[in-house]
Structures are given as structure tokens and as C-alpha cells.
Amino acid sequence: MLNKMLLFFEKQPTVYGGYTLKGKPLVKNQSNSFSAPLLYAAKGHRNFSNLYASQRWIFDYSIVGKNYYGDTLKMLVLLKLY
């Protein structure tokens, strides 16, 4: 199941902050709470190195404290990866 999900996101030009079960974006913005778990799942999978690289954007922005859930996931992934 994980490979199937990662294959779907690998093909997306931009990974948005949520999707329907049919694969349609729910919003037109990116989200730490969606990208951080994808970044962690793609790490170490040679086939998904492009997905891993594309989701590293979450570390380009500092935590401002307005998105508790997304910031917490970002921090957990940061601690686990490094």
C-alpha cells in the first residue's frame, strides 16, 4: 500500500495539502502536515528519491507557531531524519 501511495505522489507535479480518494486535490496549497509524512516515508527508497527531494521544502521555512499540527509533524520528521 505504501508503494502505491508513494507512486501516486511521485507522479504529481506539486503535492498539495489533501486529496480525495479519487486523487483530486482538495486545496491548492502545500502543507507541512501532508508533506512531512511523505518526506519520511520516501526516505531511503531509491525509487522515490525525487519525491523525497521535492518534499524537503518543509525545511525551507521556519516554524512560526500558528499551525500546531503541521509544525509538530515537521519537527518530528526533522528529529527522526537528522
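Counting side-chain heavy-atom gaps under 4.5 Å among Ile, Leu, Val, Met, Phe, Trp and Tyr, the cluster of Leu6 also holds Leu2, Leu7, Phe8, Phe9, Val15, Tyr16, Tyr19, Phe34, Leu38, Phe48, Leu51. Connectivity analysis of hydrophobic side chains (ILVMFWY, heavy atoms under 4.5 Å, direct or indirect) links Val64 to nothing; its cluster partners are none. The hydrophobic cluster around Leu79 extends to Leu39, Tyr40, Tyr52, Trp57, Ile58, Phe59, Tyr61, Ile63, Met75, Val77, Leu78, Leu81, Tyr82, counting ILVMFWY residues whose side-chain heavy atoms fall within less than 4.5 Å of a member.
Nearest heavy-atom pair across Lys74 and Ser62 is NZ-C, 4.1 Å. Closest approach of Glu10 and Asn50 over heavy atoms only: OE2-CB, 3.1 Å.
Gln55 CD to Lys43 NZ: the interatomic distance, rounded to the nearest 0.5 Å, is 15.5 Å. Summarising the geometry, atom CG belonging to Asn3 is positioned 6.5 Å from atom NE2 belonging to His45; distances are rounded to the nearest 0.5 Å.
Annotation: side chain to side chain donor-acceptor pair (under 3.5 Å) contacts of Ser31 (sequence neighbours excluded): Ser33. Qualifying side-chain contact (heavy atoms from CB on, under 4.5 Å) partners for Thr72, counting only residues two or more places apart in sequence or in other chains: Tyr68, Leu76.
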Should Leu73 and Asn32 be marked as a side chain to side chain contact (heavy atoms under 4.5 Å, CB included) after you check the CA-CA gap, both sets of side-chain angles, and the distance that decides it?
CA-CA 7 Å; Leu73 287 175; Asn32 284 343; over 6 Å; no
